Amino acid sequence: MSFTYVGSINDNLICCICRATFIDPCTTRTCSHTFCRECITTALSVSPTCPVDRSPLTVEDLILADPVVRNLVNELLVECPNKAAGCRDTPQRQLLDAHLRGSCEYMKAEDTTEDVGSNVVSKETLEAHLDEGQPSAESSAVRCSLCQERVPRSSLSSHIPACQDTVVSCTHASNGCSWEGRRSDLSGTHIPSCPYESIKGFFAIHEQKVSSLKAENDVLKHKVEQLEGLVRVLTRESGILKEALGPWYRAGSSGSVPSSSFQSYNDQILRPNAGYATSTTPANARYPDQASPFDVEYPDQMDSLASYFPRLEEDEQYASPQTSTDYQLDRRIQPPVLYLPRSLHPQSAYHVPHSGPSSSHQPQPPSHPSLLPLPTATITTSTSTSTPTLAPGPPPSAITPTSPIAPLNLSGNLFGALTSLHNSLTTLSSSVDSLARQHEVHIATEAMRNTEELRSLRTVLHGLRMQVHSIMMDRNAQMAGRPGGEGQASGPEINDPRDGPWIPPFPIPRFPHSSVSPGPVTKL
Amino acid sequence: MAVSSRRLQKELTEIKTAGTPCGITLLKADDFQTWFLSLEVLGESQYKGEVFALMFRFDPQYPISAPAVQFVVDDKYKAPLHPHVYSNGHICASILGGEWSPVLSVIAVCITLQSMLASCKEKKRPPDNDRYVAHAPDNPKKTRFVYHDDEV
């Protein structure tokens, strides 16, 4: 229906699709844009995107527009369609219907015998007439077909409601009375005997109650729609959260409101709505009717996560989960299995190889038989190199007793798993610390030993030098006939043996001079 | 009145009261099937001084469905030399196809085409111009354009 509005309309009340004032406005839940219900429904049937910002949109995301907007639009003043007939009324848009049905005096009259057939004044045909835009107003006198009175046509429309011969139905027809007859008979004979007349007070009260209930209903409907929308949003979000939590979701819900009942309640309420999107659920026996992609991956994830951590038992700590004996060839991408090196384990006497684990690790010949694979190559090589050298020496000292790494407990809650991971990290860091300390100790002792050896070598060397020197002295003395042999302490200083390339004091046999003096004082 | 007529009536009233933007004028709008508007690119551009004409064809589903828009090619007007405009006047523009929205209007399309011409760096025909024009349908909406050049 097209209306002619009085005055200018605020631009915010214009639908951007039809460029007319909103008719039954709806707002999108996702992006808060408002359109006429018909306009947006048609637009969505062509392209499921919001016409304003092209964000994804479906019919389910439409809710009734804000009551403020609705009221603003409903209370706009429109001209009566019978304006051409003379009606100057400008009722509110929402009251136009009532005006046309009841109070408009210029409703298209029953046509006379002169021309055009008799049109029953009904709303539908009136609209059809109006759409063609053909109201007619003439002022010639015509005869009312019923009471044979002569009336000017322009006042025919006002005459009809008053004409005594018109066939009318009882005033209480809306309440059920089926009487029909002439207006004169209505007041005269029927009303006193109409059974509905006597209880018209009840009808009025009843009518009031019904209308107030209807109003309440509307409000409640609106609320329900909002809540449904909220529920949908929350379900979507919780689905995302469930996915994000992964295998910990089940543990998390064990202590909370029983999710099964909530979920089924959800289904009951929302399933009748077409296109309710079910969110994903974990592989849980409580949701048997909801398929989800998560179901398939769940058991796999459990295993692959658990294999990150070895079992808790002593012997099995070094035995891998079933597949890792051949872990390099495993089809599944096996995460590096984390073990502590045997030397760091409290129970390990490293020189006593465990028969069990070593047999299980035969496919790895390069590693030391008492050492187990670690993801970091550097640690393995250094410990493997250090252990052979220490083999003859004392057993490795200061073995820090470390607790074994606990396996990932997937049946606890997320916080518990994180805490246990943290503890494992602490354990690891402390074992790394102790490893570093041991390294330091080893290196220090080696360095010390080397230094000692070096010193002793130096002493020996010096002694040799002294011997050689004295021999040379003797020779010189013999050769040169004892001028200045031993005892000569002065002479050019020769380099300290400690600095630089030491020039050996080989006496260049020069007869008149003595050779170089004996070496300088060696300071140890 | 059909939906399209009412909406076009509104657009026409708006054009008549508020006028058209600079460079765009209404040439002919007698019915609600075909409209003609003229387009000129103002300011410094490759098309300085050239005047083009656009033909809009509406179907009963307007504005839900996009109008068929093309440059007029006759004795008086030519199609502009642009990598997205074919020599028969057909235009390869996303808003005339997949990216059409009922919120857009005739004026909005004109402005978009105006800016498309203004931002053009090189005047040339589309690479497949001859092939396309030889087999082109009469209505550009029947063509399945592939939009992949965003920088022109």
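Computed from a predicted structure; not experimentally measured. Throughout, protein chains are lettered first and strands after them, A, B, ... in sequence-line order, and every chain is numbered starting at 1. As a basis for the values below, the full set of heavy atoms in this structure was taken, side chains included, without hydrogen atoms, waters or symmetry mates.
Heavy atoms of A:R54 lying under 4.5 Å from chain B belong exclusively to its side chain. Using a 4.5 Å cut-off between heavy atoms, A:C39 contacts chain B through its backbone alone, with no side-chain atom that close. Heavy atoms closer than 4.5 Å to chain A are found in both the backbone and the side chain of B:E99. Contact annotation for A:V46: only side-chain heavy atoms (C-beta onward) come within less than 4.5 Å of a heavy atom of chain B.
For the residue pair B:S38 and B:Y77, no side-chain donor N or O sits within less than 3.5 Å of a side-chain acceptor on the partner.
For the residue pair B:V103 and B:R7, the shortest heavy atom distance occurs at O-NH2, 4.3 Å. Across all their heavy atoms, A:R29 and A:I63 have their closest contact at NH1-CG2, 3.3 Å.
Cation-pi contact between B:K78 and B:F71: absent, since separation from the ring centre below 6.0 Å together with deviation from the ring axis within 45° is not met.
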